[in-house]
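Notes for the one structure printed next.
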Amino acid sequence: MPALVVVGVQWGDEGKGKIVDLLSAQARLVVRFQGGDNAGHTVVFGGKKFALHLAPSGILQPRAQVVIGNGVVVNPLSLREEVRMLESRGVRTKGRLFLSPAAHVILPHHRLLDALREEGGRGIGTTKKGIGPCYEDKVARIGIRVADYLDPKAFPELLDTALSVRSHELQRVKPLREIRAEVMRDWAALRRFLAPFVVDTAGMLEAELKAGRRVLFEGAQGAMLDLDYGTYPFVTSSNTHAGSAAAGSGVGPTWIRSVLGITKAYTTRVGRGPFPTELFGTVGNYIRETGHEYGTTTGRPRRIGWLDLVQLRWALRINGATAIGMMKLDTLTNIHPLKVCTAYKLRGKAIRDWPYSRRELFDVEPVYETFPGFSGDLTKARRWSDLPKGARDYVAWVEKQLGVPMPLVSVGQDRKQTIWRSRTGLWG
C-alpha cells in the first residue's frame, strides 16, 4: 500500500523536512498530522533556505499537494504569514494546500496562557506558541475547530465560552474584553483567508489511497517528545509517533505499511528534561557550531549529546520503523574519538531498556563504545564510496546495532547532499 510515514526518532530537529522534501517528488499528497507552528522544518535547495512551520515540507515540490490534517493545531495568523512568505518566493499554494475543517485553531489567549505558564522558568521550556493550551482546550471540549471558526454565528459564542472557562488565569494578564477584542479584530479577514483552503481532507486522502497513489505523512517534533512515550512531562502536547498519522489525518491505520525514522548522527534536544548523553565543553560546543544547532522556531541553542542507542531502540520500537535515515554525518568530521551510548547504568546495574520513571531517567549513566572518528569534507560526497572508511564504518555499525535498514545518509542541508545506499522497499 503506497503510504509512508516519516517521523523523528529523537527529540525533534532531526532533519525530517529535508527528507520529506526529497520524497515528496514521488508522492501525490504530503500530510502533516500533529503539532503546530512550534515545529520548524528547514529545507534548502538551489541555495535558498525555507523555514516551514505549518505547511508540509512537500509544498516546495511543484507537483505535490499538501494537507494540514485534523491532528494539527493551527494559528490562522501564522498560516497566513507562511503562505504569504511562500507566495512571495514563487511557491504556489492556491489549489495545492488544503486544511482539515476538524483541525483546532490557536487563538491569542492560548499564547497568553502559554507565556504565563513559562514565567520565571517554571515551565518545561515551550516555544510559547500556544500549542499546549490549544490541545488542552481540545481535550476539555471547549476548543474551536476550523469549521466553527469559519461560522459567523457559532464562533463568537464558542469564543465566549472558552474565555470564560480560562478567565481565572487570563485575567492575571489582561481583562477578558481586551482579549476578546483582539481576537475579533482579525477574525473577519482571517476567515476570508482560511476559507479557500478548507476541504474534506480525510475524504481526499481516502480517494488518493484507493486509487493507488502515494501519500507521504510528515510528523513534527520527535518520538522522545511524544505525550505518552517521551520524557514526560518534558514533552509536547500531542502524540508524535507514527501511530498518530492515522488519527491525525483521518485515514485508517491499515493503509500504512512503511515508517522511516530520522535520526542525527549525534543527539540534540531543546528545552528542559532528561538527556542521558548530554555533552558539555569543547566537543559539545564544536558540534553545536559546526552543525548550526539553533532552533528554527526560537533560535535557542540546542543541547548536544552523543548518539544514544538505548533511546533510539525505544523510539524505533514505538514507531514500528521499517527503515532509518541518518542526518548530519558531516558534522562529526574531525572529532576523535567518537562515542556511542550502548547501554545505561542505574545504581550500578546495567540496563538496555528505556526506563519509564522520570527519576530513573535523570539518574541513569550512559555506557559508551568508542570509535576512532574520521576526517575530511563529507559535504561533497554523493556516493557511499565517497565517504571515508571511518564514516562508513560508523554508519554500518549503528545500522547493525539497531537492526533496521539505513537506506540514506545526509551530509548537508541541500537536496543533493544525500547519499542513497538503497531505494528499494521504502514505500512498502
Side-chain angles (χ1 to χ4, degrees), residues 6-16 18-19 222-224 258-269 275-279 283-284 287 290-291 293 304-344 350-354 364 366-376 378-379 381 383-412 417-426:
V6 176
V7 287
V9 288
Q10 294 171 307
W11 277 275
D13 309 309
E14 299 92 349
K16 299 178 294 295
K18 172 184 171 177
I19 301 307
M224 306 315 296
S258 302
V259 177
L260 175 63
I262 304 298
T263 179
K264 287 176 180 171
Y266 47 96
T267 312
T268 65
R269 79 169 297 173
F275 189 1
T277 66
E278 187 165 13
L279 273 169
V283 175
I287 292 174
T290 304
E293 293 294 356
I304 308 294
W306 295 117
L307 195 67
D308 186 341
L309 299 189
V310 180
Q311 176 268 305
L312 280 176
R313 289 190 195 101
W314 171 251
L316 295 175
R317 171 184 156 192
I318 64 173
N319 279 287
T322 54
I324 188 169
M326 180 180 284
M327 313 298 286
K328 292 203 166 184
L329 182 64
D330 54 299
T331 301
L332 293 184
T333 191
N334 299 324
I335 299 176
H336 305 278
L338 294 172
K339 293 182 180 181
V340 176
C341 173
T342 57
Y344 296 153
I351 61 172
R352 290 177 59 83
D353 295 324
W354 183 259
V364 294
V367 177
Y368 289 113
E369 185 151 338
T370 302
F371 295 83
F374 46 87
S375 299
L378 273 61
T379 63
R383 297 183 301 273
W384 178 243
S385 59
D386 293 339
L387 294 173
K389 183 178 183 300
R392 297 198 306 270
D393 289 346
Y394 181 80
V395 172
W397 184 86
V398 170
E399 178 183 51
K400 183 177 179 181
Q401 293 297 309
L402 294 175
V404 177
M406 191 177 293
L408 67 95
V409 177
S410 175
V411 292
Q417 294 173 304
T418 308
I419 296 170
W420 290 93
R421 301 174 69 207
S422 171
R423 294 177 185 261
T424 59
L426 198 59

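One is the number of the first residue; the rest follow in order along the sequence.
Pairs engaging residues 318-339 under the side-chain hydrogen bond (donor to acceptor under 3.5 Å, both in side chains) rule: Glu293-Lys328, Asn334-Ser375, His336-Ser375 [sequence neighbours left out].
Counting heavy-atom neighbours within 6.0 Å of Arg421 CZ, excluding the residue itself, gives a total above 12.
Here the closest non-hydrogen pair linking Leu426 and Ala323 is CD1-CB, 4.1 Å. Minimum interatomic distance between Asp308 and Gln311 (heavy atoms only, all atoms of both residues): OD1-N, 3.1 Å. Shown here for Met406 and Met326, the closest heavy-atom pair between the two residues is SD-CB, 3.7 Å. Here the closest heavy-atom approach between residue Asp353 and residue Val310 is recorded as C-CG1, 4.0 Å. Shown here for Ala265 and Tyr394, the closest heavy-atom pair between the two residues is O-OH, 2.7 Å. Across every non-hydrogen atom of Ile262 and Glu14, the tightest pair is O-CG, 3.3 Å.
Judged by distance alone, with hydrogens and angles left aside, the side-chain atoms of Gln10 form no donor-acceptor pair with the main-chain N or O of Thr263 at under 3.5 Å. Looking at Glu278, its side chain never comes within 3.5 Å of a backbone N or O of Pro276 through a donor-acceptor pair. Checked by atom type and distance alone, the side chain of Thr267 pairs as donor or acceptor with a backbone atom of Trp306 at under 3.5 Å.
The shortest distance between side-chain heavy atoms of Ile324 and Val398 does not fall below 4.5 Å. Side-chain atoms of Lys18 and Ser410, non-hydrogen and from C-beta on, do get closer than 4.5 Å to each other. Here the side chains of Met327 and Lys16 are not in contact, with every heavy-atom distance at 4.5 Å or above. Using a 4.5 Å heavy-atom cutoff, the side chains of Leu387 and Phe374 are not in contact. Annotation: side chain of Tyr368 is in contact with side chain of Cys341 (closest heavy-atom distance under 4.5 Å). A heavy-atom distance below 4.5 Å is found between the side chains of Leu332 and Ile287.
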side-chain contact (heavy atoms from CB on, under 4.5 Å) between Val395 and Trp384, intermediate numbers included: CA-CA 11 Å; Val395 172; Trp384 178 243; 3.7 Å; yes

Start with the C-alpha distance between Met224 and Trp314, add both sets of side-chain angles, then the distance that settles side-chain contact (heavy atoms from CB on, under 4.5 Å), and finish with yes or no. CA-CA 9 Å; Met224 306 315 296; Trp314 171 251; 3.6 Å; yes

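For the atom pair CG (Leu408) and CD1 (Ile19), the distance works out to 4.5 Å, reported to the nearest 0.5 Å.
Every side-chain contact (heavy atoms from CB on, under 4.5 Å) that Thr342 has, sequence neighbours left out, goes to Leu309, Val367, Glu369, Trp397.
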